[in-house]
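What follows is one structure encoded as structure tokens, with my remarks underneath.
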Amino acid sequence: MITVRFPDGATRDFAAGTTGTTVVEQISKSLAKATVAMKIDGVMKDLSEPVPDGALIAFVKRDDDEALDMIRHDAAHVMAEAVQELWPDTQVTIGPSIENGFYYDFYRKTPFSEDDLRRIEKKMAEIVQRGCAFTKEVWTRDEAIKVFKAKGETFKVELISAIPEDQPINIYKQGQWFDLCRGPHMRTTKDVGTAFKLTKVAGAYWRGDSNREVLSRIYGTAWASKDDLDKYLTMMEEAEKRDHRKIGRELDLFHLQDEAPGSVFWHPKGYMIWRQLEGYIRRRLDDDGYVEVKTPQLIDNKLWEQSGHWGKFRENMFVVPDEVPSTEDDEHIITGEGNLMALKPMNCPAHVQIFKQGIKSYRDLPIRMAEFGCCHRNEAHGALHGLMRVRQMTQDDAHIFCTDEQVTDETKRFLALFARVYGDMGLTNIKYKLATRPEIRAGDDATWDRAEKSLADALHASGIEFEYSPGEGAFYGPKLEFHLTDAIGRSWQCGTYQLDYVLPDRLDATYVAEDGSRKRPVMLHRAVFGTFERFIGIMIENYAGRMPVWLSPVQAVVATIVSDADAYAEKLVADLKAKRLRVELDARNEKINYKVREHSTQKIPLIFVVGKREAEEGTVSVRRLGEDGQKIMTAAEAIAMLAEESIPPDLR
RNA sequence: GCCGGUAUAGCUCAGUUGGUAGAGCACCUGAUUUGUAAUCAGGGGGUCGGGGGUUCGAGUCCCUCUGCCGGCACCA
């Protein structure tokens, strides 16, 4: 006999070896019908597993949130079976559930195309309809390798071989088809349901290694109900409307063109957002003890060799010959036989040069050296993405030169600055990651231990929840990464904070310590926004183009109803402009409906409508973006209101 | 860089089995003086991404380059 405990505190006895299926059936037929899996002491299990003595058992129904992951995972299996049924020469590799859905990576001579997706979906529906039970078998390693080898599944063989000796080889069958899988699964393929859709095909490297085979990945989304699926698809459609590339064009903020891939042409309106952000962050840095500098774009490659960038980063650098080109014969210049210079891909070596001018004392530290540094990186072309990933970028960069003892305080100080800025920007949903030592790195383990601990300590002290990114640190030190998501949920790193014990050494930066000896400063690389480009992209998507008033390129439009109000409107605009408010006049011969519509679609926060009545009474009819109706106020009140709302958050 | 897709007017898109390009919006002109999300009429605008090929004939088929889109890899 075994005793089983239930979440409500009840207990019940069953014969030893009783499965979850039997337990739930004995409790309630209707519950059994809805149940697709169980949790044993909090861990998801197949319903067909025997229940251990004394276990706490909870049943998971198909429409529980916890089942969603299984629906997706099972859908991946069903898709893999469908694909192999349609194209038997296809090899399966791995297929996990992911946020909102699942994927499966296949290996095939000719990759899948979008057209294949509908065929696969049909076949999947068939397999779901068949409703074969998922059954688990535990195989021996040799057996598993033999079987998959015989099937020609070389990728699976590699996976099996990589499973540690002490772990079982689980095989899940669904009818004739089977797959290596950790599990758990639901009862039958029928539990997958019909609320799924294959969304895209993509190439993906086997084991994420760009030196290995390219697999054909099929992505799908799956939900508990058709309703949820439709809701999700609609939501994605809506989200795509927030795409900064689309809004950037619609609101005339910036453009990109073929002749300058990855470099942004900022239009007046887009650059106004930039200017406001730059002014804001500059004041924040001034207040936080930073000094601002400006350093060269083009620097001799000798410095890059010394800094180590030439060796590690050269592929990403734009290299320029340091010669006057001859119109007749520029061949040798292109081949780079003369002296070479490079556009800076980062500002750090230049800042070290400023640090090194003269002699620095421990009394001078910390030095917080900021630069809105324009950098160029020759990114892989497939990586370019609107404002989010560009080749010419401007960072709100700074380097803090300090002593080892000052690192923790500086980190806390930075975290406070970061939190204040993102709070001011109205950005929430920031993911904090602590990226730790990579395999290839400089410095000894003791230094890494200390550095990683100091970052973790500062995060804890600041009460910030974070996750680790093992092995993702820079080669010279650990990093804090600050991630935000775009409209459709892709994650982008914006801010960064990095400890560096290497560069000061390579570039021979020293300060005079208390005892008169020469010591190496620690260098902290940090950026709050990250780059203006990406940050503005994130802001556009976060606000769907409806920027806060202080950031809006045009804060208000004064729109006339009749030409009799023109003079009054002109005076109003002049008064607003005198307060440095960004306003425009719309005195076109158009209906007010037309003007309101146009300025609303242009996401102008406020429309000041003036007609005959307002001109006579000295008032303004104020219409706020996103609100119905309007408010009548005196011109002076309207001006004061806009002036108040236009104050940047740090000056309030 | 890799895999798949894609490129027609400023934007969004049509363009049948190859027979020398269309719509809506935008723009320009004229009329309309209008009360809170599109007034009416007329007009201009495209060597169909670049190059090469097949063909009597290519926006349509093939090759190639480039950009862009979705992933992967790389990264702020």
Side-chain angles (χ1 to χ4, degrees), chain A residues 103 105 108 110-117 199-219 240 243 245-246 249-250 252 255-262 313 315-316 345-346 375 377-390 393-397 472 474 479 481-484 488 490 492-496 498 525 527-535 537-538 559-566 587-602 607-614 621-625 627-630:
Chain A
Y103 69 77
D105 285 346
R108 231 181 130 222
T110 47
F112 297 105
S113 71
E114 304 269 350
D115 299 334
D116 297 327
L117 297 187
T199 49
K200 53 199 173 193
V201 286
Y205 297 107
W206 170 234
R207 308 221 124 182
D209 184 343
S210 58
N211 295 315
R212 302 209 53 182
E213 296 88 340
V214 177
L215 307 173
S216 190
R217 175 174 297 179
I218 301 178
Y219 283 92
E240 276 161 25
D243 190 313
R245 293 164 297 189
K246 184 173 153 66
R249 185 173 54 240
E250 288 166 353
D252 193 19
H255 85 268
L256 291 148
Q257 68 185 48
D258 294 358
E259 290 81 357
F313 210 70
E315 287 175 1
N316 290 296
M346 35 195 79
C375 296
R377 296 181 191 171
N378 197 351
E379 303 286 357
H381 283 213
L384 300 181
H385 183 97
L387 294 179
M388 301 299 198
R389 192 77 182 269
V390 292
M393 71 209 82
T394 301
Q395 303 169 308
D396 63 323
D397 199 12
E472 294 294 311
K479 310 196 254 191
E481 298 176 349
F482 307 92
H483 295 257
L484 289 112
I488 67 165
R490 285 176 291 221
W492 298 92
Q493 184 187 333
C494 291
T496 183
Q498 310 175 9
H525 307 247
V528 183
F529 293 154
T531 65
F532 283 90
E533 288 81 1
R534 179 175 293 180
F535 191 76
I538 288 284
T560 55
I561 297 173
V562 290
S563 53
D564 287 350
D566 283 2
R588 289 174 303 174
N589 181 10
E590 294 289 352
K591 293 176 87 161
I592 192 63
N593 296 30
Y594 180 88
K595 296 185 184 181
V596 165
R597 178 184 152 78
E598 186 172 292
H599 300 126
S600 297
T601 57
Q602 282 296 302
I607 305 176
F608 291 171
V609 175
V610 294
K612 218 170 180 174
R613 201 183 310 144
E614 287 76 11
S621 170
V622 177
R623 184 189 175 93
R624 194 174 285 273
L625 182 63
E627 288 179 16
D628 288 332
Q630 45 271 306

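Every chain is numbered from 1, with letters handed out A, B, ... down the list of sequences.
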Give [X] one of three labels, base, sugar-phosphate or nothing, depending on what nucleic acid heavy atoms sit under 4.0 Å from its own.
{"X": "A:K246", "answer": "nothing"}
{"X": "A:E481", "answer": "nothing"}
{"X": "A:Y103", "answer": "nothing"}
{"X": "A:G382", "answer": "base"}
{"X": "A:V214", "answer": "sugar-phosphate"}
{"X": "A:H385", "answer": "sugar-phosphate"}
{"X": "A:A527", "answer": "nothing"}
{"X": "A:R377", "answer": "base"}
{"X": "A:R108", "answer": "nothing"}
{"X": "A:E315", "answer": "nothing"}
{"X": "A:S563", "answer": "base"}

I'd like to know if [X] reaches the base of [N] with its side chain such that a donor and an acceptor end up less than 3.5 angstrom apart.
{"X": "A:Y205", "N": "B:G1", "value": "yes"}
{"X": "A:R389", "N": "B:C74", "value": "yes"}
{"X": "A:S210", "N": "B:A73", "value": "no"}
{"X": "A:E250", "N": "B:A26", "value": "no"}
{"X": "A:Q257", "N": "B:G49", "value": "no"}

[Y] backbone acceptor or donor facing [X] side chain under 3.5 Å:
{"X": "A:E614", "Y": "A:G611", "result": "yes"}
{"X": "A:D105", "Y": "A:L215", "result": "no"}
{"X": "A:T531", "Y": "A:R534", "result": "yes"}
{"X": "A:K595", "Y": "A:V609", "result": "no"}

Counting side-chain heavy atoms from C-beta on, which of [options] comes nearest to [X]?
{"X": "A:R613", "options": "B:U36, B:C72, B:G35", "value": "B:G35"}
{"X": "A:R597", "options": "B:G71, B:A37, B:C74", "value": "B:A37"}
{"X": "A:R249", "options": "B:C11, B:G70, B:G35", "value": "B:C11"}
{"X": "A:R490", "options": "B:C75, B:G71, B:C11", "value": "B:G71"}
{"X": "A:R534", "options": "B:U36, B:C75, B:A73", "value": "B:C75"}
{"X": "A:D258", "options": "B:G67, B:C74, B:U36", "value": "B:G67"}
{"X": "A:M393", "options": "B:G67, B:U36, B:A76", "value": "B:A76"}
{"X": "A:Q493", "options": "B:G71, B:A37, B:A76", "value": "B:A76"}
{"X": "A:K200", "options": "B:G71, B:U12, B:U36", "value": "B:G71"}
{"X": "A:A204", "options": "B:C72, B:U39, B:A37", "value": "B:C72"}

Base-pairing assignment for [N] (Watson-Crick or G-U wobble, both under 3.5 Å):
{"N": "B:C25", "value": "B:G10"}
{"N": "B:A73", "value": "none"}
{"N": "B:U39", "value": "B:A31"}

Original post:
How close or far is atom P of B:C75 from atom CE of A:M346, stated in whole angstroms?
Top reply: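 Rounding to the nearest Å, CE of A:M346 and P of B:C75 are 11 Å apart.
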**OP:** Whole angstrom is fine here: how far is it from NE2 in A:H381 over to P in B:C74?
**Re:**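 One finds 18 Å between P of B:C74 and NE2 of A:H381, rounded.
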What's the gap between [N] and [M] when it is taken at their [atom1] atoms, as a whole Å value?
{"N": "B:U54", "M": "B:G71", "atom1": "C1'", "result": "35 Å"}
{"N": "B:A21", "M": "B:A26", "atom1": "P", "result": "26 Å"}
{"N": "B:G46", "M": "B:A7", "atom1": "C1'", "result": "14 Å"}
{"N": "B:G50", "M": "B:U60", "atom1": "P", "result": "10 Å"}
{"N": "B:C74", "M": "B:G15", "atom1": "C1'", "result": "41 Å"}
{"N": "B:U20", "M": "B:G43", "atom1": "P", "result": "24 Å"}
{"N": "B:A14", "M": "B:A73", "atom1": "P", "result": "32 Å"}
{"N": "B:G49", "M": "B:U8", "atom1": "C1'", "result": "10 Å"}

Original post:
Want to settle it: does A:G530 or A:G262 sit nearer the 5' end of RNA chain B, counting the closest nucleotide to each?
Top reply: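 Result of the comparison: A:G262.
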Subject >> Parallel, tilted or perpendicular, as decided by the 30° and 60° cut-offs, for the rings of A:H385 and A:W492 >> reply: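 Geometry flag for A:H385 against A:W492: tilted rings.
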Original post:
Salt bridge check: are A:D243 and A:R245 linked by an N-O gap of less than 4.0 Å?
Top reply: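 Counted as a salt bridge, because a side-chain N and a carboxylate O are separated by less than 4.0 Å.
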Original post:
Does the pair A:I538 and A:M388 meet the rule for a side-chain contact (heavy atoms from CB on, under 4.5 Å), with working shown?
Top reply: CA-CA 8 Å; A:I538 288 284; A:M388 301 299 198; 3.9 Å; yes
Original post:
Is the phosphate of B:C72, meaning OP1 or OP2, less than 4.0 Å from a side-chain N or O of A:R212?
Top reply: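 For A:R212, the contact criterion (side-chain N or O under 4.0 Å from OP1 or OP2 of B:C72) is not met.
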